[in-house]
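As the structure is a prediction and not an experimental result, all values here were calculated from the model. Computation of the quantities below employed the complete heavy-atom set of this structure, encompassing side-chain atoms and omitting hydrogens, waters and symmetry-equivalent molecules.
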Amino acid sequence: MAGKLHNRVASVAGAALAQRKYVAPVEVFTALGWVHPARVEEWRRGRFSPLAKELPVDNTRIAEALECLGSWARANGLSPSDSAYVAGTRDRRDLRFTDDDALDRLCRTHWLAPGLTDKQRARLTERQNKAPDLAVTTAGNAWTCVGCATRGAAGDLHLPDGDGHLCLACADFDHLVFLPAGNAALSRRAKQESTLAVLVLRFNRRRKRHERQGILVEEAALERAEQQCLADEDVRARRRERDAHRRAAQDVEFQAAFAEVVRRLYPGCPAERAQSIAEHAGTRGSGRVGRSAAGRALDEEAVRLAVIASVRHLDTAYDRLLMDGVPRADARERIRADLDRVLEGWAQPSAG
């Protein structure tokens, strides 16, 4: 069992390192499926503590995973770095992973890639130690402010405060104005200009995560930011055009590399099909497996998942079963033999 856990930890840690140049234990926990990222976000914002309350394993199992991570990291030349975890609350209190101090210290230990310059290490450490931004959320249901007992309706903005909610007045945010998301330059500058800036989030139930709707900033700060954006609008337009060309080239290179891995894992897969799988899985902004951290690192398991998804939808009756109202789990079981037959055929080199 320990060997299996070590292999799983090594796999997810390698993907994280390739993507971010460091590995954080909390991200290993999410990659292992022990905790949903949305719950980690709520923990980071101070909604509950310790994080271990959400994990389906005990402290002993957590310690085993961290031992596996440390062993893998040292073997690959990574160096440890202590990180602070501060809640995204007004009091900026320290967050707890577990109720064990020694285990908590291990959970706060990030592992940095070898070969980083002092400047890169300092930048990574600064970013990791930064507390989450203050954030208000749109209410999903009617609520009552714990500060003034004002009743709020679904859709109103409120600041989560422990198990309750504060209205914007009690949170001292009622003097701020709302800037919708959509203009990155304006949002960035307004946030820089504003003494106090607060994210506005909405929980997406389908994706099970909070999504940014905009920010609350001081009105004078927004006006200054608007003037700055007007002054260099042409320059930013040219930069956006250059960036679009660069991203398009990067996508082509990534998809070609993804298709190569498909063909290596499944030599019998036709070349044009491998390219189609790579293009579909790696479409920018799609949220598919190819755009995940593991997918961008060309992790073999992520590539296999992309191939399986393609075969399931294009080479079996899976989609028709779903349209007929067959439950997802039942539909997958019914087409398993057809799926395995295609994959087994692709696992052998083609005769041509």
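Residues Val217 and Val198 fall into different hydrophobic clusters, defined by Ile, Leu, Val, Met, Phe, Trp and Tyr side chains chained together at heavy-atom separations under 4.5 Å. A chain of hydrophobic side-chain contacts below 4.5 Å, direct or via other Ile, Leu, Val, Met, Phe, Trp or Tyr residues, connects Leu106 to Tyr85. No single ILVMFWY cluster, assembled from side-chain heavy atoms under 4.5 Å apart, contains both Leu124 and Val86. At a threshold of 4.5 Å between side-chain heavy atoms, the hydrophobic network of Ile, Leu, Val, Met, Phe, Trp and Tyr places Val307 and Leu298 in one connected group. By the rule that hydrophobic residues join a cluster once side-chain heavy atoms approach within less than 4.5 Å of another member, Leu112 and Val28 end up as members of separate clusters.
Residues Cys107 and Phe29 meet the side-chain proximity criterion, which asks for heavy atoms closer than 4.5 Å. The closest side-chain heavy-atom distance from Phe173 to Leu196 is below 4.5 Å. Looking only at side-chain heavy atoms (C-beta outward), His158 and Leu166 stay at 4.5 Å or farther from each other. Residues Leu78 and Val23 have side chains in contact (heavy-atom distance under 4.5 Å, counting atoms from C-beta outward). Under the 4.5 Å side-chain criterion, counting only non-hydrogen atoms from C-beta, Leu201 is not in contact with Glu211. In this structure, the side chains of Leu116 and Tyr22 stay at 4.5 Å or more apart for every pair of heavy atoms. Taking the side chain as every heavy atom from C-beta outward, Leu159 and Leu168 never approach each other to under 4.5 Å. Taking the side chain as every heavy atom from C-beta outward, Ser187 and Arg212 approach each other to under 4.5 Å.
Atom NE2 in His110 sits 10.0 Å away from atom CZ in Arg20 (nearest 0.5 Å). To the nearest 0.5 Å, atoms CG (Asp156) and CZ (Arg151) are separated by 13.0 Å. Atom CD1 of residue Ile215 and atom CG of residue Leu176 lie 10.0 Å apart, to the nearest 0.5 angstrom. Atom OG1 of residue Thr138 and atom CZ of residue Phe203 lie 10.5 Å apart, to the nearest 0.5 angstrom. For the atom pair Leu157 CG and Gln213 CD, the distance stands at 9.5 Å (nearest 0.5 Å). We find the OG1-CG distance between Thr109 and Leu69 to be 9.0 Å, quoted to the nearest 0.5 Å.
Glu226 and Arg189 are not joined by a salt bridge, as no carboxylate oxygen comes within less than 4.0 angstrom of a charged side-chain nitrogen. A salt bridge does not link Asp82 to Arg108: none of the charged nitrogens lies less than 4.0 Å from a carboxylate oxygen. Salt-bridge annotation for Glu333 and Arg336: present, with a side-chain N of the basic residue lying under 4.0 Å from a carboxylate O of the acidic one. Salt bridge status for Asp299 with Arg304: absent, with no side-chain N to carboxylate O gap under 4.0 Å.
Nearest approach of Pro160 to His165, heavy atoms of both residues: CA-ND1, 4.3 Å. Looking at every heavy atom in both residues, Ala131 comes nearest to Ala87 through CB-O, 4.3 Å. The shortest non-hydrogen separation linking Ala274 to Cys269 is N-SG, 3.7 Å. Contact record, Arg334 with Val326: NH1-CG2, 3.9 Å, taken as the closest heavy-atom pair. The two atoms that bring Arg328 and Leu322 nearest to each other are CA-CD2, 4.0 Å, heavy atoms only. Between Ala306 and Ala281, the shortest heavy-atom contact is CB-CB, 3.8 Å.
Looking at Asp330, its side chain never comes within 3.5 Å of a backbone N or O of Pro327 through a donor-acceptor pair. Using modelled atom types, one side-chain atom of Asp100 and one backbone atom of Ala102 make a donor-acceptor pair closer than 3.5 Å. Asn129 contributes a side-chain N or O that, together with a main-chain N or O of Ala84, makes up a donor-acceptor pair within less than 3.5 Å. Checking side-chain atoms of Thr125 against main-chain N and O of Arg121 turns up a donor-acceptor pair under 3.5 Å. Looking at Asp104, its side chain does come within 3.5 Å of a backbone N or O of Thr98 through a donor-acceptor pair.
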| query | Step by step, would you call Val200 with Phe178 a side-chain contact (heavy atoms from CB on, under 4.5 Å)? | reply | CA-CA 8 Å; Val200 176; Phe178 177 59; 3.8 Å; yes
| task | Start with the C-alpha gap between Cys167 and Cys170, add the side-chain angles, then the distance that decides, and say whether side-chain contact (heavy atoms from CB on, under 4.5 Å) holds. | result | CA-CA 5 Å; Cys167 67; Cys170 289; 3.7 Å; yes
| request: Decide side-chain contact (heavy atoms from CB on, under 4.5 Å) for Glu218 and Thr195; before the verdict, give the C-alpha distance in whole Å, the side-chain angles of both, and the deciding distance to 0.1 Å. | output: CA-CA 7 Å; Glu218 297 161 345; Thr195 305; 3.2 Å; yes
| request: Evaluate the ring-ring contact (aromatic ring centres under 6.0 Å, His included) criterion for residues His6 and Trp72: first the C-alpha distance (whole Å), next the side-chain angles of each, then the deciding distance (0.1 Å), finally the verdict. | output: CA-CA 8 Å; His6 185 278; Trp72 172 87; 8.6 Å; no
| Arg188 and Gln192: CA distance, side-chain angles, deciding distance, side-chain contact (heavy atoms from CB on, under 4.5 Å) verdict | CA-CA 6 Å; Arg188 182 179 64 254; Gln192 291 172 344; 3.9 Å; yes
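For Thr30, there are no side-chain hydrogen bond (donor to acceptor under 3.5 Å, both in side chains) partners, not counting sequence neighbours.
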Going by atom type alone, with no hydrogens or angles, which donor-acceptor pairs under 3.5 Å involve a side-chain atom of residues 44-59 and a protein atom two or more places apart or on another chain?
unit_1 : atom_1 : unit_2 : atom_2 : d
Arg45  : NH1    : Asp133 : O      : 2.7
Arg47  : NE     : Gly162 : O      : 3.2
Arg47  : NH2    : Gly162 : O      : 3.3
Glu54  : OE1    : Arg39  : NE     : 3.1
Glu54  : OE2    : Arg39  : NH2    : 2.9
Asp58  : OD1    : Thr60  : N      : 3.2
Asp58  : OD1    : Arg61  : N      : 2.9
Asn59  : ND2    : Asp99  : OD1    : 3.2

With a 3.5 Å cut-off and sequence neighbours excluded, list the donor-acceptor pairs that the side chains of residues 309-321 form with protein atoms.
unit_1 : atom_1 : unit_2 : atom_2 : d
Ser310 : OG     : Arg273 : NE     : 3.3
Ser310 : OG     : Arg273 : NH2    : 3.0
His313 : ND1    : Asp319 : OD1    : 2.7
Asp315 : OD2    : Arg273 : NH1    : 3.2
Asp315 : OD2    : Arg273 : NH2    : 2.6
Thr316 : OG1    : Arg312 : O      : 2.5
Thr316 : OG1    : Tyr318 : N      : 3.2
Tyr318 : OH     : Arg332 : NE     : 3.3

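Within a 6.0 Å sphere centred on CD of Glu67, other residues, nucleotides and ligands contribute 12 heavy atoms or fewer. Atom CD of Gln120 sits in a crowded spot, with more than 12 heavy atoms from other residues, nucleotides or ligands closer than 6.0 Å.
Between the side chains of Gln275 and Glu279, at least one donor-acceptor pair of N or O atoms lies under 3.5 Å.
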